[in-house]
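The next block holds one structure in the form of structure tokens; read it before the comments.
Order of the sequence lines fixes the chain letters, A, B, ..., with proteins taken first and strands second; residue numbering starts at 1 for each chain. Computed over heavy atoms, backbone and side chain alike; hydrogens, waters and symmetry mates excluded. Because the structure is predicted, anything quoted here is derived from the model rather than measured.
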Amino acid sequence: MTLCARASKAFKVRLPPLPLSSSFHSPSLPATSPLSDTHYRDLIFSTIRTTPSAFRTRDWSSHRFRPVISDPDLFVRVLAQIRARPTVALRFFRWAEAQPEVKRSEFVFCVILEILAHHNMMRSAYWVMERVISVDMHHGIVDVLIDEYVFAKVSIKLLDLLLWVCANKLLVEQCLSIFDKMITNGLLPHVNNCNRLLRMLRDRNLASRAQEVYRRMGEAGIKPTIVTYNTMLDSFCKQGEVQQALHLVSEMQKVECFPNDVTYNVLINGLSKKGKLEQAEGLLQDMLKSGLRASAYTYNPLICGYCKRGLLAEALNLGEEMAARGAAPTVATYNSIMYGLCKWGRVTEARDWFTNMLKKRLSPDIVSYNTLIYGYCRLGDIWNAFLLFDELRRRALTPTVITYNTLMDGLCRLGEFEVAQQLKKEMVNQGIFPDVFTYTILVNGYCKAGNLSKARELFDEMLHNGLEPDRFAYNTRMVGELDLGDPSKAFNMQEEMLAKGLPPDLFTYNVFVDGVCKLGNLSEAYNMLQKMVHDGLVPDHVTYTSIIHAYLVSGRLRKAREVYDEMLSKDVHPSVVTYTVLIHAHASKGRLELAYMYFSEMQEKRVLPNVVTYNALINGLCKVMRMDQAYEFFTHMEEKGILPNKYTYTILINENCNIGNWKEALRLYKQMLDREIEPDFCTHSALFKQLDRDYKLHAVHCLESLILATEESS
DNA sequence: GATACTGGTA
């Protein structure tokens, strides 16, 4: 008799009565039994049948049942024999599982599972199923259950249970395979388990496989629930396919499944992430009209969307509306607002919100801390960032890979590469492994610092660690090669990306357009522009700005203006960078009337000038020695809350030195020091270039007093 | 059973 056949009997048919052999009824046998195997088995069965109490006791080892568990075949039969007493069977099974000599087979598991399922002891069955997975026998179990060794009803129950356990353990491949086998064999999994599977696929960005599962559910006749639809909608939204999501909404309504609050929340989230905030607000109105309650899940994505776009006022309005509707702000609401403030450099205000959150007795989570750390890092305030890093640990929060990455980015921006690398070591010591973000941050940092070899080394380390570079990682690396190294390497990498299913996106094209522009190959840049349009991508303000910039640096101002006009005609909105490069080039070539024109145009279009824009203007004015106007802009910018930086001061110091206005140059120099703006080599050479004239003596005195001061202190 | 917030590229 094969094992399968035996098991089949064990499940479906009562075992035939076993012969009562010999007079050994007592379970207390001598330690060494001279009996043969067959006799021994008979003995055990007879004991079970005639002395049930012997089996009921927990002390199976002393009752000589130990051999049962090292013989799966025997084990199956013993379990089948006591199938009417599930608690005893379970206890025996648990005891067996704890014994080192236990030998398992699919059938042992199937019998105990079948007994438990039959008696509706699903909690215990769950535990058994976990054992099944931990000893990697689930494939065998699935096959046994599907091959009709137990009644279909029980099979489905157990397979559903297995799906559930696998889903809880996030074993996506296992789930897919069980789902597949069940459907193929006409055993329909419960819709809840299908939903769990869909959720897992969504979480792993396997949207197309989710669609496949959804399709097969439909074909097999598993009726989707509102949860199925909501999960699918979220999966589409996560891929940015909001249109497909909206299509599914009409599909679900056709089968009389109507959107609920979660449906709306998912769609509002999807639209907000795409930046379609007006449409998202429209849905919010629809939702309220149909009598559904808006919650933090509804408002937070919208608030977050507005914050990311820099529309803080709108975000705060929504926050008030939300509170007025009785939806209390959550930690995530605060986190979104803090992020919005941090992104725009307003970390002090973000800190105030953090304090407010504490006052409202909401506990900041790791996201709150990551957000504030991000804010400080962006401002170059690594000190406060590290203070928060300490504080979060005192609150018993654990830093995540995001915490480390944010800090490392902050360090790289300050050129503190050694500390960044040290932090990378520390995170590994803490059991947190660098991810693609970590490496992209470091590669970017080293590229920006001009250290291409270190950048290459880290990129290779990432590959060596089995990490799959994404678009960001490739784009970053390609910028490095285009700017510092070997453009052909960059082109090869683009091929590599394509082969990996990463077709060039807007960023990739912009990287290359800018790269070939910098190499002076403007016609090639135009070719690329055509190619990207051919690929269905729309050149944006960055693409155009690169080309405009290239014409400007090559001195072809008229051609640059033509490209600018083309950009406007294509309805691409110029950015502050577009205007700034135009202003810079025209102002520094003495074409101030055009520079002014661009400056007023940008303000009409509500594109806010930044410190670089003002520097460009001040620079142009200084060059034609219109110092009074230069100073006017210097005052203007401060009034608008745009603080001059070291370039602003250097430009003004330089021109004051040129015209021999040494006192004014010194005053500016002092002011910049007072404002803790670090002068650089250019500032100093501007200051000292006239030294060989009147103020050489001053410098000598200065040096002497320095020497004296040193001698006194030593 | 389903939904929100944090890090890297031009």
Side-chain angles (χ1 to χ4, degrees), chain A residues 164 167 190-196 198-199 202 225-235 237-238 260-270 272-273 295-305 307-308 327 329-340 342-343 364-375 377-378 400-410 412 435-445 447-448 469-480 482-483 505-515 517-518 540-543 545-546 549 577:
Chain A
W164 190 24
H190 194 278
V191 64
N192 287 356
N193 286 324
C194 300
N195 292 345
R196 290 187 179 105
L198 291 174
R199 194 176 72 195
R202 177 210 59 189
T225 63
I226 183 75
V227 176
T228 318
Y229 287 115
N230 289 343
T231 310
M232 285 306 292
L233 291 175
D234 198 32
S235 177
C237 287
K238 229 183 149 197
N260 65 6
D261 53 339
V262 178
T263 318
Y264 277 103
N265 293 343
V266 164
L267 292 172
I268 288 172
N269 180 37
S272 300
K273 283 243 165 67
S295 67
Y297 283 102
T298 323
Y299 281 101
N300 285 348
L302 275 164
I303 291 176
C304 184
C307 284
K308 282 189 173 163
T330 61
V331 174
T333 319
Y334 279 93
N335 289 348
S336 296
I337 293 171
M338 292 197 302
Y339 179 73
C342 285
K343 196 177 155 89
D365 60 7
I366 188 64
V367 179
S368 323
Y369 277 97
N370 288 348
T371 305
L372 283 177
I373 289 174
Y374 164 79
C377 283
R378 275 300 160 111
T400 62
V401 64
I402 297 182
T403 322
Y404 283 102
N405 288 347
T406 311
L407 283 166
M408 283 164 75
D409 191 45
C412 286
D435 61 7
V436 178
F437 278 77
T438 320
Y439 284 104
T440 309
I441 287 164
L442 289 168
V443 169
N444 185 42
C447 285
K448 291 280 169 335
D470 60 6
R471 283 212 168 83
F472 281 75
Y474 275 117
N475 288 343
T476 307
R477 175 73 204 282
M478 290 187 309
V479 174
L482 282 167
D483 285 357
D505 63 354
L506 187 58
F507 252 91
T508 320
Y509 269 112
N510 285 346
V511 165
F512 276 98
V513 169
D514 192 56
C517 278
K518 280 188 183 137
D540 71 348
H541 62 99
V542 178
T543 329
T545 304
S546 290
H549 186 227
V577 182

Going through the distances and angles, do A:T543 and A:L506 end up as a side-chain contact (heavy atoms from CB on, under 4.5 Å)?
-> CA-CA 9 Å; A:T543 329; A:L506 187 58; 4.3 Å; yes

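For A:K343, the side-chain contact (heavy atoms from CB on, under 4.5 Å) test picks out A:Y339, A:Y374, with sequence neighbours left out. In terms of the side-chain contact (heavy atoms from CB on, under 4.5 Å) criterion, residue partners of A:V266 (sequence neighbours excluded) are, by chain and number, A:L233, A:D234, A:C237, A:V262.
An OP1 or OP2 oxygen of B:dA4 is reached within less than 4.0 angstrom by a side-chain nitrogen or oxygen of A:N269. A sub-4.0 Å separation between OP1 or OP2 of B:dG1 and a side-chain N or O of A:R202 is absent. Put simply, A:K343 has no side-chain N or O that comes within less than 4.0 Å of OP1 or OP2 on B:dC5. For A:N300, no side-chain nitrogen or oxygen approaches OP1 or OP2 of B:dC5 to under 4.0 Å. Between A:K448 and B:dA10 there is a side-chain polar atom (N or O) within less than 4.0 angstrom of OP1 or OP2.
Residue-level contact check: A:T440 touches the bases, meaning some heavy atom is under 4.0 Å from a base atom. Among the heavy atoms of the strands lying under 4.0 Å from A:K308 are primed sugar atoms or P, OP1, OP2 only; no base atom is included. A:V436 comes within 4.0 angstrom of a nucleotide base, judged by non-hydrogen atoms across all strands. Residue A:S546 is out of contact with every strand shown, counting any heavy-atom pair closer than 4.0 Å. In this structure, A:N193 reaches neither bases nor backbone, as no heavy-atom distance under 4.0 Å exists between it and the strands shown. Using a 4.0 Å heavy-atom criterion, one finds that A:D505 contacts no nucleic acid atom at all. Here A:K238 lies out of heavy-atom contact (under 4.0 Å) with every strand. Within the 4.0 angstrom heavy-atom criterion, base atoms lie near A:T225. Nucleic acid contact for A:V542: base, since at least one base atom lies under 4.0 Å from a heavy atom of the residue. Contact annotation for A:Y339: backbone-only contact, meaning every heavy-atom pair under 4.0 Å involves sugar-phosphate atoms and none involves a base. Within the nucleic acid shown, A:V401 comes within 4.0 Å of at least one base atom, counting heavy atoms only.
Checked by atom type and distance alone, the side chain of A:T476 pairs as donor or acceptor with a backbone atom of A:F472 at under 3.5 Å.
Considering only side-chain atoms of A:Y297, the nucleotide from B:dG8, B:dA10, B:dA4 that sits closest is B:dA4. For A:C304, counting side-chain heavy atoms from C-beta on, the closest listed nucleotide (B:dC5, B:dT9, B:dG8) is B:dC5. Closest approach to the A:V479 side chain among B:dT6, B:dA10, B:dT3 is made by B:dA10 (side chain taken as heavy atoms from C-beta onward). The side chain of A:R378 sits closest to B:dT9 out of B:dT6, B:dT9, B:dC5. You'll find that the side chain of A:P301 is closest to B:dA4, out of B:dA4, B:dA10, B:dT3. Each of B:dC5, B:dT3, B:dG8 was ranked by its minimum atom distance to the side chain of A:V262; first place goes to B:dT3.
Atom CG in A:D435 sits about 16 Å away from atom P in B:dT6, given to the nearest Å. Whole-Å rounding puts the A:N444 CG to B:dG8 C1' distance at 7 Å. One atom, CE of A:M232, and another, P of B:dG1, lie 21 Å apart when rounded to the nearest Å. One interatomic measurement links the two molecules: CG of A:L302 to C1' of B:dT3, which rounds to 13 Å at whole-angstrom precision. Distance, A:L233 CG to B:dG1 P: 20 Å, rounded to whole Å. Residue A:I226 contributes atom CD1, which lies 13 Å from atom P of B:dT3 at whole-angstrom precision. Rounded to whole Å, the distance from CD1 on A:I303 to P on B:dT6 is 13 Å. Straight-line distance from the CZ atom of A:F472 to the P atom of B:dA10: 10 Å, rounded to whole Å.
Donor-acceptor pairing under 3.5 Å is lacking for the side chains of A:D409 and A:T406. A:T403 and A:T400 form a side-chain donor-acceptor contact under 3.5 Å, judged by distance and modelled atom types alone. Side-chain contact of A:N475 with A:T508: a donor-acceptor pair under 3.5 Å is present, judged by distance alone.
A donor N or O paired with an acceptor N or O is found under 3.5 Å between the base of B:dA10 and the side-chain atoms of A:N510.
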